[in-house]
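Presented below is the structure to which this report refers.
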Amino acid sequence: MQSIVASIPTFSTAMLFAVILAVPAKANGLAEQGKIIATTWCANCHVVQNDQPVASADVPAFATIAEKYADDMDVLGAFLADPHPVMPDMSLTRQEISDLVAYIGSLR
Ligand code: HEC
């Protein structure tokens, strides 16, 4: 009994993250979905769309990132799957990463 009770906080934390990260699910790297994730999670620091007026200084715009990884979108996906030294680790799902890569690719 005690072990069940003890596991509840872990479970609720996991559920909380699942809910926070849950965006309306659609399959296969959709740019439209990536744009929603980007404006929600990335726009505080990055300029994520061309008509966004401000973000943090010294953070590359998504359009710049799109150019940089133009020939290597897989590398971009790998970058997003790994915790970043400056960026917070957002624990993006594979689906979210695919969506973001599709969206960033669409900015080229
Ligand atoms: C708290 C601020 C912050 C947030 C939020 C953030 N980033 Fe970043 N990001 C940075 C900074 C700062 C850099 C530059 C790091 C460096 O130059 O070493 C960066 C770099 C990157 C790069 C690498 C660019 C390159 O030149 O290789 C990618 C890709 C990226 N971010 C994607 C994202 C995505 C996608 C999100 C949202 C899921 C996001 N970032 C959210 C601050 C942030």
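Quantities reported herein were computed from a predicted structural model and do not represent experimental measurements. Atoms within a ligand are numbered from 1 in the order they appear, just like the ligands themselves.
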Check: Lys68 N/O within less than 3.5 Å of ligand 1 N/O: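 Such a contact does occur with ligand 1.
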
Polar proximity ligand 1 side, Tyr69 side, N/O cut 3.5 Å exclusive: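 Yes, Tyr69 has an N/O under 3.5 Å of an N/O on ligand 1.
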
Protein heavy-atom partner closest to atom 22 (C) of ligand 1 - residue, atom, separation in Å: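 Ranked first by proximity to atom 22 (C) of ligand 1 is Phe79 CE2, 3.4 Å.
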
Shortest protein heavy-atom distance from atom 32 (C) of ligand 1, along with the residue and atom involved: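 Answer, as residue, atom name and distance: Leu80 CD2, 3.7 Å.
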
For atom 8 (Fe) of ligand 1: protein N/O/S atoms at distances below 2.8 Å: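 Step by step: take atom 8 (Fe) of ligand 1, keep protein N, O, S below 2.8 Å, and you get 2.
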
Any protein heavy atom < 4.0 Å from atom 9 (N) of ligand 1: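 Protein heavy atom within 4.0 Å of atom 9 (N) of ligand 1: present.
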
Within 6.0 angstrom of Arg94 CZ, more than 12 heavy atoms from elsewhere: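 It does not: Arg94 CZ has 12 such atoms or fewer within range.
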
Residue part near ligand 1, for Thr64, under 4.0 Å between non-hydrogen atoms: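 No part of Thr64 is near ligand 1 at this cut-off.
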
Subset of ligand 1 atoms that lie under 4.0 Å from at least one heavy atom of Ile65: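 Near Ile65, the atoms of ligand 1 are 22 (C), 24 (C), 28 (C), 29 (C), 30 (C).
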
Numbered atoms and elements of ligand 1 in range of Leu76, under 4.0 angstrom, heavy atoms: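 So the answer, numbered in order with elements, is 29 (C).
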
Find the distance between [atom1] ([X]) and [atom2] ([Y]) and round it off to the nearest 0.5 Å.
X: Asp99; Y: Ile37; atom1: CG; atom2: CD1; answer: 4.5 Å
X: Leu100; Y: Ile36; atom1: CG; atom2: CD1; answer: 11.0 Å
X: Leu30; Y: Ser106; atom1: CG; atom2: OG; answer: 11.0 Å
X: Glu96; Y: Ser91; atom1: CD; atom2: OG; answer: 9.5 Å

Distance-only check: which donor-acceptor pairs under 3.5 Å involve side-chain atoms of residues 60-77, not counting sequence neighbours?
none

Backbone N/O of Thr39 and side chain of Gln52: donor-acceptor pair under 3.5 Å: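 Not at all, since once roles are kept as given, no pair shorter than 3.5 Å links the two residues.
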
Give me the atom names and distance for the closest heavy-atom approach of [X] to [Y].
X: Trp41; Y: Met90; answer: O-CE, 3.2 Å
X: Ser56; Y: Asn44; answer: OG-O, 3.6 Å
X: Val48; Y: Leu107; answer: O-CD1, 3.7 Å

